[in-house]
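Sequential numbering from 1 along the given sequence is applied to the chain's residues. Whatever order the structure lists them in is the order used to number ligands and atoms, beginning at 1.
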Amino acid sequence: MLYDLHCHSTASDGSLTPEAVVQRAHARGVGALALTDHDTTIGLAEAAEAARSFNMRFIAGIELTAQWQGRSLHVLGLNIQPNHPSVQQAQAHQWGLRTERALAIAQKLSQLNLRGALEGAQRYAGQGVICRPHFAQFIVDSGAAPSVNAAFKKYLAANKPADVKVNWPSLMQVIQWINDAGGIAVLAHPDKYTLTRTKLNQLLQAFTAEGGRGLEVISGRQLPGIADRLAVLAHTYNLLASCGSDFHHPNQPWQELGSFGKLPHICQPIWQAWPTL
Ligand code: AMP
Ligand code: MN
Ligand code: MN
Ligand code: MN
């Protein structure tokens, strides 16, 4: 059974609807899928229904933004109860922070002579959660950058002119929301934070001390050696191992649904915690 436990839809910064994500995952041989949109569960009902129609297993998920020692981090909540009050509280909190940030980003862009950014980004976000890639798309549309990547590099990435610092909830708070909702908190793509070995160990100590139980050992197509290194860390900290594509858009083969390597043998796959799924 192929498990893909990390992907995005139009509920956040993905470009396919939840139903279309499930359909694409099914076509690519995924047998069990978690939809994990940034800070929202609004896509889950549609995805769950689509998964039923394809006879796929479906795991309700979310990717929550947290902060630890001044950095922002992503924590997946897997197999949560989407209607649990703590999830509702988490979403409402993050929605507020994202709305405030969107206003501040638009203000900064306007000072850089890019007007109408809020409306522009909102058009891309639709009913979903507003994310920086929506601003990046607006910037590309207005001709100020040739690509989404370039728009990040020029305006939106950390310490660039339209960067806005957000007081994201603590790691402890985010893990608590997930645990209260019956889910498993998984530290997402640990290799993406550019942490030293020492810092990563400190992070994993804090993460496990606060109730985190999983590590994303495989995130899309990683460089060789990374999964083995993360598998050793998962083993050391007694964390369940997760894997996922982090799919956002078609035509990005490095994060295509179901397209990644197998978990190393020393791992304890997270789905062993879900025998009755
Ligand atoms: P947000 O959660 O609104 O801060 O947006 C974060 C999302 O932006 C990530 O999940 C990625 O999908 C996307 N992202 C971050 N950095 C880049 C980049 N340099 N180029 C393209 N997309 C990026
Ligand atoms: Mn994203
Ligand atoms: Mn992420
Ligand atoms: Mn993601």
Side-chain angles (χ1 to χ4, degrees), residues 4-16 18 21 25 33-41 43 47 59 61-67 71-78 90-91 93-106 108-109 117-118 121-122 124-126 128-140 145-169 174 185-194 214 216 218-222 242-252 254-257 260:
D4 188 335
L5 301 175
H6 187 160
C7 65
H8 297 270
S9 73
T10 47
S12 65
D13 59 354
S15 52
L16 301 184
V21 170
L33 182 75
L35 181 65
T36 54
D37 275 302
H38 295 288
D39 298 316
T40 187
T41 59
I59 296 103
I62 191 167
E63 182 173 20
L64 289 170
T65 317
Q67 65 175 322
R71 307 157 197 274
S72 68
L73 301 174
H74 288 172
V75 179
L76 300 171
L78 295 182
Q91 291 192 87
H93 186 82
Q94 305 292 61
W95 185 275
L97 291 176
R98 284 180 173 276
T99 304
E100 258 175 57
R101 179 181 68 167
L103 283 168
I105 292 175
K108 288 196 165 184
L109 288 174
L118 189 60
Q122 193 65 68
Y124 282 108
V129 157
I130 196 160
C131 298
R132 282 183 299 163
H134 301 129
F135 282 97
Q137 285 172 290
F138 161 80
I139 291 167
V140 172
S147 66
V148 161
N149 244 315
F152 266 90
K153 239 178 165 163
K154 190 169 171 193
Y155 295 101
L156 297 164
N159 305 315
K160 300 296 168 152
D163 175 33
V164 171
K165 299 284 175 228
V166 178
N167 187 19
W168 296 111
V174 160
V186 175
L187 182 67
H189 43 63
D191 189 51
K192 281 208 186 138
Y193 308 126
T194 58
E216 197 173 47
I218 294 186
S219 172
R221 293 198 200 156
Q222 298 169 140
S242 190
C243 57
S245 57
D246 205 4
F247 172 84
H248 284 72
H249 315 286
N251 309 320
Q252 294 190 338
W254 62 93
Q255 42 178 216
E256 178 56 80
L257 286 158
F260 44 81

Could you list the donor-acceptor pairs under 3.5 angstrom formed by side chains in residues 7-15, with sequence neighbours left out?
{"unit_1": "His8", "atom_1": "ND1", "unit_2": "Ser12", "atom_2": "OG", "d": "3.4"}
{"unit_1": "His8", "atom_1": "ND1", "unit_2": "Thr36", "atom_2": "O", "d": "3.4"}
{"unit_1": "His8", "atom_1": "NE2", "unit_2": "His6", "atom_2": "NE2", "d": "3.4"}
{"unit_1": "His8", "atom_1": "NE2", "unit_2": "Glu63", "atom_2": "OE1", "d": "3.0"}
{"unit_1": "His8", "atom_1": "NE2", "unit_2": "Asp246", "atom_2": "OD1", "d": "3.0"}
{"unit_1": "Ser9", "atom_1": "OG", "unit_2": "Ala11", "atom_2": "N", "d": "3.1"}
{"unit_1": "Ser9", "atom_1": "OG", "unit_2": "Asp37", "atom_2": "OD2", "d": "2.7"}
{"unit_1": "Ser12", "atom_1": "OG", "unit_2": "Asp37", "atom_2": "OD1", "d": "2.5"}
{"unit_1": "Ser12", "atom_1": "OG", "unit_2": "His38", "atom_2": "N", "d": "3.2"}
{"unit_1": "Asp13", "atom_1": "OD1", "unit_2": "His38", "atom_2": "NE2", "d": "3.3"}
{"unit_1": "Asp13", "atom_1": "OD1", "unit_2": "His248", "atom_2": "NE2", "d": "3.2"}
{"unit_1": "Asp13", "atom_1": "OD2", "unit_2": "His38", "atom_2": "NE2", "d": "3.2"}
{"unit_1": "Asp13", "atom_1": "OD2", "unit_2": "His248", "atom_2": "NE2", "d": "3.4"}
{"unit_1": "Ser15", "atom_1": "OG", "unit_2": "His249", "atom_2": "ND1", "d": "2.9"}

Determine whether the side chains of Asp39 and Thr65 contain a donor N or O and an acceptor N or O closer than 3.5 Å.
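A pair is found: one side chain offers a donor N or O, the other an acceptor, under 3.5 Å apart.
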Which atoms form the tightest heavy-atom contact between [X] and [Y], and what is the distance?
X	Y	value
Leu97	Asn167	CD1-O, 3.8 Å
Tyr193	Arg71	O-NH1, 4.4 Å
Glu216	Leu76	OE2-CD1, 3.5 Å
Val75	Val174	CB-CG1, 3.8 Å

Going through the distances and angles, do Gln91 and Thr41 end up as a side chain to side chain donor-acceptor pair (under 3.5 Å)?
CA-CA 8 Å; Gln91 291 192 87; Thr41 59; 3.0 Å; yes
Please, which pairs that meet salt bridge (Lys or Arg N to Asp or Glu O under 4.0 Å) have at least one residue in residues 155-168, sequence neighbours excluded?
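Residue pairs with at least one partner in residues 155-168: Asp163-Lys165.
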Closer than 2.8 Å to the Mn ion (ligand 2), how many protein N/O/S atoms do you count?
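Near the Mn ion (ligand 2), the number of protein N, O or S atoms below 2.8 Å is 3.
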Find out whether Tyr124 and Cys131 are in side-chain contact, i.e. whether some heavy atom of one side chain is under 4.5 Å from a heavy atom of the other.
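A side-chain contact under 4.5 Å is absent here.
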Protein N/O near ligand 1 N/O, under 3.5 Å, which pairs?
{"unit_1": "ligand 1", "atom_1": "2 (O)", "unit_2": "Arg98", "atom_2": "NH2", "d": "2.8"}
{"unit_1": "ligand 1", "atom_1": "3 (O)", "unit_2": "Arg98", "atom_2": "NH1", "d": "2.9"}
{"unit_1": "ligand 1", "atom_1": "3 (O)", "unit_2": "Arg101", "atom_2": "NH2", "d": "2.5"}
{"unit_1": "ligand 1", "atom_1": "3 (O)", "unit_2": "Arg132", "atom_2": "N", "d": "2.8"}
{"unit_1": "ligand 1", "atom_1": "4 (O)", "unit_2": "Arg101", "atom_2": "NH1", "d": "3.0"}
{"unit_1": "ligand 1", "atom_1": "4 (O)", "unit_2": "Arg101", "atom_2": "NH2", "d": "3.4"}
{"unit_1": "ligand 1", "atom_1": "4 (O)", "unit_2": "Arg132", "atom_2": "NE", "d": "2.8"}
{"unit_1": "ligand 1", "atom_1": "4 (O)", "unit_2": "Arg132", "atom_2": "NH2", "d": "3.2"}
{"unit_1": "ligand 1", "atom_1": "10 (O)", "unit_2": "His38", "atom_2": "NE2", "d": "2.9"}
{"unit_1": "ligand 1", "atom_1": "12 (O)", "unit_2": "Asp13", "atom_2": "OD2", "d": "3.0"}
{"unit_1": "ligand 1", "atom_1": "12 (O)", "unit_2": "His248", "atom_2": "NE2", "d": "3.1"}
{"unit_1": "ligand 1", "atom_1": "20 (N)", "unit_2": "Asn149", "atom_2": "OD1", "d": "3.0"}

